[in-house]
Amino acid sequence: MHKVRTIFILLGVWSSMSLHAAGSLPVQVFDDKHEPLPDAVVYLMSDQPYVPATVSGVEIEQKNKMFRPFVTIIPTGASASFPNRDGIGHHVYSFSPAKNFQLPLSDHESTETITFTKPGVVTVGCNIHDWMVAYIYVVDTPYYAKSDANGLAVIDNLPAGDYEIRVAHPGMRSAQPVTRQIKITADGDGRQEFSLEIKPRYFWQPEPKMHEEVY
Ligand SMILES: [Cu+2]
């Protein structure tokens, strides 16, 4: 009797493990010329309950009159700091509806963090150096990844279930992310591929004017 119950308990544990098994989802992103596309934002939305992501120490630095990183993904409610690591001033700003802010920064200054409470795209610029641009994608999910130099984004620790996958990029022609419904299973090969239509680079990543000594 005792033994039978133990087996049932073990079966229960096993089946709940396979139902909620965490997988990893590789997503390959290309542009419309089938070149690998770095800096694509890949995230998954679902109706299932999830543990909100806790992230800390997110930085968008200013160095050599550029923002780094160029693209940041941050979960809703998280904060980022904008340290100035140049020996000159920057005036960091955003007029985006998702987050409007101003940070006048003198040389080597690091100010308070900015908290991102609304999902959406935040375009960050500098009033002094008009080519400086960075993009912050605020997402309402803990499941996200950015594509690397090979256009590959991998989302880890993904519970099995139904999701809407969304793929966005600062240079994409469409204002909305490309979406697809997918099912993550415990053992299936969930690899996905996307091709995005991308505008000419000067629209979304202006050439830096490094030679200008006036600043
Ligand atoms: Cu600047």
Side-chain angles (χ1 to χ4, degrees), residues 29 31 35-43 53-140 144-151 153 166-177 196-215:
V29 189
D31 66 13
E35 297 289 336
L37 185 65
D39 286 319
V41 174
V42 180
Y43 58 107
T54 48
V55 297
S56 59
V58 178
E59 272 188 8
I60 293 106
E61 70 169 1
Q62 302 119 64
K63 192 151 188 208
N64 300 325
K65 300 179 200 165
M66 298 281 278
F67 287 114
R68 281 201 319 209
F70 177 57
V71 170
T72 299
I73 313 174
I74 198 167
T76 313
S79 304
S81 64
F82 295 80
N84 178 0
R85 302 214 163 94
D86 277 335
I88 52 164
H90 292 290
H91 187 141
V92 180
Y93 73 92
S94 160
F95 295 132
S96 300
K99 188 74 193 184
N100 193 315
F101 66 91
Q102 300 269 346
L103 284 177
L105 300 173
S106 56
D107 59 323
H108 297 110
E109 185 181 359
S110 196
T111 59
E112 83 268 32
T113 58
I114 303 282
T115 302
F116 297 90
T117 51
K118 249 195 270 178
V121 187
V122 180
T123 305
V124 180
C126 173
N127 265 337
I128 305 167
H129 309 104
D130 59 6
W131 65 87
M132 287 177 67
V133 65
Y135 299 89
I136 302 170
Y137 286 77
V138 188
V139 296
D140 238 345
Y144 57 82
K146 185 172 77 168
S147 67
D148 63 13
N150 300 314
R166 299 182 183 172
V167 181
H169 187 275
M172 69 195 293
R173 285 193 191 278
S174 158
Q176 298 302 321
L196 304 186
E197 262 195 84
I198 299 296
K199 290 184 271 196
R201 184 173 290 271
Y202 59 82
F203 280 110
W204 48 277
Q205 192 175 42
E207 198 67 40
K209 297 175 207 151
M210 294 304 186
H211 58 278
E212 292 190 19
E213 301 293 337
V214 286
Y215 306 119

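Side chains included, hydrogens not; waters and symmetry mates left out as well; all remaining heavy atoms used. We count ligands from 1, going down the list as the structure has it; atoms in each ligand are counted the same way.
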Handout entry: Minimum-distance N/O/S atom that H90 presents toward the Cu ion (ligand 1)
Key =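 Minimum-distance N/O/S atom of H90 relative to the Cu ion (ligand 1) is ND1.
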Practice task
State whether H91 contributes an N/O/S atom found under 2.8 Å from the Cu ion (ligand 1).
Solution key: no
Practice task
Look up atom OH in Y93 and atom OG1 in T123, then write down how far apart they are to the nearest 0.5 Å.
Solution key: 9.0 Å
Problem - OH-CD1 distance between Y137 and I74, expressed to the nearest 0.5 angstrom - result: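 One gets 14.5 Å once the value is rounded to the nearest 0.5 Å.
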Handout entry: Angle, SG of C126 through the Cu ion (ligand 1) to ND1 of H129 - 10° precision
Key = 120°
Problem - Geometric class of the F70/W204 ring pair [parallel <30°, tilted 30-60°, perpendicular >60°] - result: tilted
Practice task
Return yes when atom CD of Q102 has more than 12 non-hydrogen atoms of other residues, nucleotides or ligands closer than 6.0 Å, and no otherwise.
Solution key: yes
